[in-house]
Amino acid sequence: MNIIFIGPPGAGKGTQAKVLQSEFGILPVSTGDILRQAVEMGTEMGKKAQAFMSAGELVPDEVVIGIIKDRIREEDAQNGFILDGFPRTVPQAEALAVILRENGLSIDHVVLFEADTEELTSRMIKRAEEQGRSDDTPETIKNRLGVYTEKTKPLIDFYRTQGVLMSVDGLGQIEEVSRRLIAALKP
Ligand code: AMP
């Protein structure tokens with residue numbers, strides 16, 4: 001099973017991807033995590049990405065497309081994957097369609113996490129305090145939500161027209177959201 005998670009930052013996608021990993025044995029792939037690791041290690045890619053990330057802007061499409069192209073070919077992704085945080089723009093979604101076709105793969109479900117912006121803002125500020133993420137200042141949080149609305153929301157229609165989109169209410173306790181998500185995915 002191959003799944004895409006779409007939803008505003010702070011909607012709990014990363015947490016739910018881990019839940020699906022233990023429920024279905026499929027691999028969470030987070031471009032945000034991969035980029036953060038690259039920044040930490042000081043790789044060329046990390047150096048390129050750092051300024052965009054700390055401003056709450058999107059890293060250029062070609063960088064993240066390259067990440068996904070390599071990652072889904074690896075051994076541990078062969079049983080299926082959850083793309084968490086990719087695609088985030090229509091050109092990324094178009095590139096993903098090509099990559100999947102080239103690898104004989106397809107997407108089974110696109111899950112849209114629906115959540116209220118105010119609730120998300122307070123969740124993200126709390127998470128910033130707990131995890132010390134440098135891209136979670138009130139200013140970048142606002143920017144990231146704006147970027148989501150402008151660049152990522154168009155993906156909802158992109159996938160709706162393909163008939164693979166399902167919505168899950170992203171608010172509430174983690175366990176509640178997991179229950180709703182698993183129920184929606186089970187045949
Ligand atoms: P995330 O952990 O998914 O919220 O991602 C953290 C940051 O990494 C984002 O604010 C972007 O700067 C960058 N990023 C992650 N995924 C992508 C993507 N698919 N396209 C562009 N930038 C991304």
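First listed ligand is number 1; within each ligand, the first listed atom is number 1. Basis for what follows: all heavy atoms, side chains included, without hydrogens, waters or symmetry-related copies. Computed from a predicted structure; not experimentally measured.
The shortest N or O to N or O distance between Gly85 and ligand 1 is below 3.5 Å. Checked by distance only, ligand 1 and Thr31 come closer than 3.5 Å through their nitrogen or oxygen atoms. In terms of polar-atom proximity, defined here as any N/O pair under 3.5 Å, Glu57 does make such a contact with ligand 1.
The backbone and the side chain of Leu58 each have at least one atom closer than 4.0 Å to an atom of ligand 1 (non-hydrogen atoms only). Residue contacts with ligand 1 for Val59 involve both N, CA, C or O and side-chain atoms from C-beta outward (heavy atoms, distance under 4.0 Å).
When each of Leu100, Ile34, Val29 is paired with Ile68, the side chain to side chain contact (heavy atoms under 4.5 Å, CB included) condition holds for Val29 and for no other.
The shortest heavy-atom distance from Lys13 to ligand 1 is not under 4.0 Å.
Per-residue contacts place Arg144 under 4.0 angstrom from the following atoms of ligand 1 (heavy atoms of the residue considered): 4 (O), 10 (O). Shown in contact with Gln92 at under 4.0 Å from a heavy atom are these atoms of ligand 1, numbered in order with element: 18 (C), 19 (N), 20 (N), 21 (C).
By the criterion of side-chain heavy atoms lying less than 4.5 angstrom apart, applied directly or through intervening Ile, Leu, Val, Met, Phe, Trp or Tyr residues, Leu20 is grouped together with Val168 in one hydrophobic cluster.
For the pair Asp84 and Lys18, the salt-bridge criterion is not met [side-chain N within less than 4.0 Å of a carboxylate O]. Taking 4.0 Å as the cut-off between side-chain N and carboxylate O, Lys48 and Glu62 do not count as a salt-bridged pair.
Ser106 and Asn2 share no side-chain donor-acceptor pair at under 3.5 Å.
Crowding of Glu40 atom CD: a count of heavy atoms from other residues, nucleotides or ligands under 6.0 Å not exceeding 12.
The closest non-hydrogen atom to atom 7 (C) of ligand 1, taken over Met53, Lys151, Met124, comes from Met53.
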Decide side chain to side chain contact (heavy atoms under 4.5 Å, CB included) for Leu185 and Val111; before the verdict, give the C-alpha distance in whole Å, the side-chain angles of both, and the deciding distance to 0.1 Å.
CA-CA 9 Å; Leu185 289 173; Val111 179; 4.3 Å; yes

